[in-house]
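The structure under discussion appears below in the form of structure tokens.
Remember, predicted model here, so these are calculated numbers, not experimental data. The residues of the chain are indexed from 1 along the displayed sequence. Whatever order the structure lists them in is the order used to number ligands and atoms, beginning at 1.
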Amino acid sequence: MTGDIVQDESRAGYERFRQMLEAFELPVFCIPGNHDDPVLMAELLMTPPFQVGGDARFGEWRILLLSTFQRGEDAGAIGPDGLAELDESLTRFSDEHVLICMHHQPIPMGSAWLDGVGLRDAEQFLSIIDRHSRVRGVVWGHVHQASDRERNKVRFMSTPSTCSQFLPDSDFFALDDRPPGLRWLELESDGRITTEVDWVDPAEES
Ligand SMILES: [Fe+2]
């Protein structure tokens with residue numbers, strides 16, 4: 001869950017999220033988005049099957065849950081401490097394939113208003129990624145649209161929103177008429193990522 005789990009920062013919102021997701025009896029990894037309240041997340045999502053931040057291992061893979069949350073801001077930043085911690089984690093996990101999950105986009109989406117609320121320290125983030133050859137992918141939310149690009153052999157992907165979508169390439173805020181969507185990823189043991197976006201067909205809803 002790459003952030004903006006709720007829109008209204010409400011306790012009831014997180015309680016509902018918890019109730020809906022725990023029914024699947026699967027681990028749920030969460031990071032805060034600009035609309036989240038990390039204090040409430042710490043209180044309501046810190047016990048299994050939920051995990052906020054940190055990392056997790058799946059076979060040959062290490063998943064890093066990187067916070068880009070900045071209180072009172074729609075833009076994000078990792079900050080000096082977070083960047084140092086990321087560099088240290090990537091050194092520690094240098095014999096595993098790594099997927100980094102975050103909320104804010106670390107590369108521009110080509111949409112002026114959205115890129116104004118992207119990741120402020122993207123340059124520092126990318127220079128760290130460039131130093132660690134086992135980083136295979138970076139995935140984020142926030143931009144309410146799908147994208148999948150490659151940069152220096154690393155896959156950079158955004159996922160659509162489970163709510164409404166933003167119109168790609170628009171310089172001003174505008175909604176797209178696509179339905180809710182999600183991105184699934186299969187992490188292959190040789191480091192490859194197989195991924196696809198699923199758009200929810202309203203006709204399938206019951
Ligand atoms: Fe966001």
D4: which N/O/S atom is nearest the Fe ion (ligand 1)? OD2
Contact flag H103/the Fe ion (ligand 1), N/O/S atoms, threshold under 2.8 Å: yes
Check: S111 main-chain N/O paired with D115 side-chain donor or acceptor under 3.5 Å: yes
Are R62 and F93 in a cation-pi contact, defined as NZ or CZ under 6.0 Å from the six-membered ring centre and within 45° of the axis? yes
side-chain contact (heavy atoms from CB on, under 4.5 Å) evaluation trace for H35 with V6: CA-CA 7 Å; H35 293 292; V6 301; 5.9 Å; no
Transitive ILVMFWY side-chain link F125 to V98, under 4.5 Å: yes
Looking only at N, O or S atoms, which one in H142 sits nearest to the Fe ion (ligand 1)? ND1
